[in-house]
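The structure presented is a predicted model; accordingly, all values stated were derived computationally and were not measured.
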Number of protein chains: 4
Amino acid sequence: MADKETPKRAIILNAAIKVFAEKGYHSCRTLDISKAAEVAYASLYQYFKSKDDILLSIFRDNWNFLLRRMEKIKQSDDSPIDKLMGIFDFIFRSYTQNPDMMKVIIMDVPRLDQFYSPENWKLYNRFFMGLADIFQEGQEKGIFRKDISPIIASYVIYGAVDTTIRQYVYNPEFNHDNFPIEAARNEIMRLLIPGYLSKERTAKAVKRTRKGA
Amino acid sequence: MADKETPKRAIILNAAIKVFAEKGYHSCRTLDISKAAEVAYASLYQYFKSKDDILLSIFRDNWNFLLRRMEKIKQSDDSPIDKLMGIFDFIFRSYTQNPDMMKVIIMDVPRLDQFYSPENWKLYNRFFMGLADIFQEGQEKGIFRKDISPIIASYVIYGAVDTTIRQYVYNPEFNHDNFPIEAARNEIMRLLIPGYLSKERTAKAVKRTRKGA
Amino acid sequence: MADKETPKRAIILNAAIKVFAEKGYHSCRTLDISKAAEVAYASLYQYFKSKDDILLSIFRDNWNFLLRRMEKIKQSDDSPIDKLMGIFDFIFRSYTQNPDMMKVIIMDVPRLDQFYSPENWKLYNRFFMGLADIFQEGQEKGIFRKDISPIIASYVIYGAVDTTIRQYVYNPEFNHDNFPIEAARNEIMRLLIPGYLSKERTAKAVKRTRKGA
Amino acid sequence: MADKETPKRAIILNAAIKVFAEKGYHSCRTLDISKAAEVAYASLYQYFKSKDDILLSIFRDNWNFLLRRMEKIKQSDDSPIDKLMGIFDFIFRSYTQNPDMMKVIIMDVPRLDQFYSPENWKLYNRFFMGLADIFQEGQEKGIFRKDISPIIASYVIYGAVDTTIRQYVYNPEFNHDNFPIEAARNEIMRLLIPGYLSKERTAKAVKRTRKGA
DNA sequence: AATGAATGAGGTTTCATTCAT
DNA sequence: GATGAATGAAACCTCATTCAT
């Protein structure tokens, strides 16, 4: 934590992710964040305007990262199915690597009234629009059904991921051992993308995606 | 509001739905609820233990209503596709008739830390399990793919609805006129249920479901 | 409790004594009293003006009873020592028979700000004045030291009883078995009244006092 | 009040003593305390956990001070009578110097339900045990009657002081001018301690006690 | 007389943010 | 830039009392 290398802004953000994930945004106090970050209480306010701003910064930083990754995938010459696969793969890997961050993005960010500002919606929607673009590309190539509007498809795709991860994070009755998150990912793909079938193809797509990271 | 017929508990609950939907659970004060309900402040606390309890009562009452409806649909002799259709139809109609209530269920309830109690999870999961049962029935009848676990399918189905309604409620960039909610419903069905195609069949199923209400 | 014979006022008063003794005046609610009395909530207010009034009624009723008893003892032809003995005996017997009542009188009544009204002080002081009268009689008869003002003596006498009973009621470290309350009473007599010695005399005085009841 | 030298904790405590003495613990609001202390409202809660904690801190601080003083007196080579005299003198002088504090200790502290915790009883009882030790020393030296248990004697001694001060504080019918508190102190000594007689001896003991402070 | 639902005033405490060092 | 003590607004809930039946 008290990492001299890491800039203090990042230290605070990482600590906040941990604390938000543990207690929830509304239930934790700014004092908890400063303690977890091992910085002075008032230091928070030298790097962020407010508690809100910390949470929204977490969203913005990570969402922008996601968007950049999506952009790369979109511009690749993979098939639409592999593109979707690449995005799914990225999200689920993010969850595996940093479940706290994902928890915060999925649960705490949409909780915040201030999240629903035009600027944030714009950023938020860019992801849905990207998904829609890929879906539309698939429609044009005759891979996906044409009687579905791409934007609705993007909601369904995101909703599937969102709700599934929510279950992994919160549902105490859910047996994680029997349903490793990677299995869930594959099943969602199968359900949403009729053309998604062979494992070889998937493995190849994933490999390619990772190389491009 | 000051309805002599309606029991006071229901009056409070309806007022709370309105206030929660307008301002959000954390941003509204209990005083706002009592004013909206046109009852004395302390009356809230004769019918509910706390502000939390009001929100969770909204969830419990409506979720139980949803579960009862689902149970009826499950026990009908409709095909699994029509059963899913019936549930979608019920949820989307609920949204149309009482968008505030849906907003509260989708946005405020999962915000509340206290929501994640074993009792609530049990209630919450009964819906997913019901969806999974129908999906499994479809698998056994050879209608749905067998390489998807029913419980994951239920998450995807619910997530599709949840995220879509969320967009209808919150997204200011979203053009409601071009995407009436019924259209969204149909598109989600098409995306998730490969066998769902003909409009006649759907209309028939909906009719039957409504009659059975 | 639901005693048809006992007038309802007395039922409420007895229930209040029990509840006040258990939880303390400030920590119990009027609802607790009505429940313990098995009367309707609002019935309290047909017999008493307020919660305060209930507590003060307990004081007044019992204090008047004590005063009447003291008056009888004063007017007897016992020696001043036996008179004091009679009063001590009455108080300690009251504690043995109804510790809850004594607890309320000693702990809750003086807690109440409203207790310190001129009327109540007048009533309260009549007891001290009675004690002082007896002490003065003893001084005049050459039994007690003359260099002590009777009123101060009355405070000391009452304080001894008050503090001792307080210990019996509240002190968890106090070993009741080793110090039966009667032993305490005798020791206080010995300490305060130099002439108080022989057991026979005491027994006689007690007997006489009881007969006069 | 706004004393830069005095640590803020002490400022708050002194203000609380004043406010509690004036209005009583239950009748005053925490806002009154902060105003009297001329500190910000929330500052109370940086130094104390709660309103209760403020009152109990007043008790603990002053009681510990009393205990330390008693310990010194016990370890002196004064006679048991002079030791008791020293303690009486200290308590009555404390009352003269800070009647508000004494009022709070005698009236408000024992009001508080939370006062009756094992820890507080332990502290409280140390005073009674100290008094009992001195009384027992007097018994062993043949000064006090042996047929009185020291612990009961300690209750009587404390009760005498407690009740007398209570009268000085609260009784409106009591004529303070005719009974200066020092006179009361002497009379209590005469009543409780048969051997206590000569004024010269007393004066000497008091002098010695003060010197040793 | 008896009931219990309805009332609203009032107080403690929390916590994000600022300020003086 | 760093610190942490100081700040005060804001909100939930309790509870004695009244009122309508």
Side-chain angles (χ1 to χ4, degrees), chain A residues 7-9 12 25-35 37-55, chain B residues 2 7-9 11-12 25-35 37-54, chain C residues 7-9 12 25-35 37-55, chain D residues 2 7-9 11-12 23 25-35 37-55:
Chain A
K8 197 171 272 196
R9 185 181 183 279
I12 292 171
Y25 176 79
H26 276 106
S27 301
C28 84
R29 294 162 302 168
T30 49
L31 183 63
D32 297 328
I33 300 173
S34 69
K35 273 183 182 166
E38 293 179 17
V39 301
Y41 195 13
S43 289
L44 301 185
Y45 292 88
Q46 274 176 339
Y47 293 88
F48 302 95
K49 280 201 292 286
S50 64
K51 192 187 176 189
D52 288 358
D53 189 37
I54 295 178
L55 180 56
Chain B
K8 197 170 271 197
R9 194 191 119 96
I11 293 174
I12 293 172
Y25 176 79
H26 277 106
S27 301
C28 82
R29 292 163 303 161
T30 47
L31 183 62
D32 298 330
I33 301 173
S34 69
K35 277 184 180 164
E38 292 179 19
V39 299
Y41 190 29
S43 291
L44 301 186
Y45 293 89
Q46 272 201 334
Y47 292 89
F48 303 95
K49 281 201 289 285
S50 63
K51 192 185 177 191
D52 286 359
D53 190 35
I54 296 178
Chain C
K8 197 172 269 193
R9 185 180 182 280
I12 292 171
Y25 176 79
H26 276 105
S27 300
C28 84
R29 294 162 303 166
T30 48
L31 182 63
D32 298 327
I33 300 173
S34 69
K35 274 185 181 165
E38 294 179 16
V39 300
Y41 195 13
S43 290
L44 302 184
Y45 292 88
Q46 275 175 339
Y47 294 88
F48 301 96
K49 280 200 294 286
S50 64
K51 192 187 178 190
D52 288 357
D53 189 35
I54 296 178
L55 180 56
Chain D
K8 194 169 276 196
R9 194 191 117 95
I11 293 173
I12 293 171
K23 299 189 157 192
Y25 176 79
H26 277 106
S27 301
C28 82
R29 294 162 301 163
T30 47
L31 183 63
D32 299 328
I33 300 174
S34 68
K35 275 184 181 164
E38 292 179 19
V39 300
Y41 195 22
S43 291
L44 302 185
Y45 293 89
Q46 274 201 333
Y47 292 89
F48 303 95
K49 280 200 289 286
S50 63
K51 194 185 176 191
D52 287 359
D53 190 35
I54 295 178
L55 180 56

Paired nucleotide for E/dA20 [Watson-Crick or G-U wobble; both distances under 3.5 Å]: F/dT3
C/Y41 side-chain N/O to E/dT3 phosphate OP1/OP2 under 4.0 Å: no
Watson-Crick/G-U partner (both atom distances under 3.5 Å) of E/dA1: none
Sugar-phosphate, base or nothing in reach of D/F48, heavy atoms under 4.0 Å: nothing
Straight-line distance of C/I33 CD1 to C/K51 NZ, nearest 0.5 Å: 6.5 Å
E/dA2 OP1/OP2 closer than 4.0 Å to side-chain N/O of C/Y45: no
Atom-to-atom span, NZ of A/K51 to C1' of E/dT14 - whole angstrom: 11 Å
Interatomic distance, C/R9 CZ vs E/dA2 C1' [rounded to whole Å]: 18 Å
Salt bridge (charged side-chain N to carboxylate O under 4.0 Å, His left out) involving D/K35 - partner list, sequence neighbours excluded: none
Short side-chain N/O contact from A/S50 to OP1 or OP2 of E/dA16, under 4.0 Å: no
Base-pairing assignment for E/dG11 (Watson-Crick or G-U wobble, both under 3.5 Å): F/dC12
Spacing of OH belonging to B/Y41 relative to OG1 belonging to B/T30, to within rounding of 0.5 Å: 2.5 Å
Expected output: side-chain D/K23 to main-chain D/R29 donor-acceptor under 3.5 Å: no
Bounds of contact between DNA chain F and chain A, in 5' to 3' order, using a heavy-atom cut-off under 4.0 Å: F/dG1 to F/dA5
Distance below 4.0 Å between C/S43 side-chain N/O and E/dT3 OP1 or OP2: yes
Residue mapping more 5' on DNA chain E - nearest nucleotide basis, D/H26 or D/A42: D/H26
Residue met sooner reading DNA chain E from 5', once A/Y25 and B/V39 are mapped to nucleotides: B/V39
Touch class at under 4.0 angstrom, heavy-atom based, for A/K8 against every strand present: sugar-phosphate
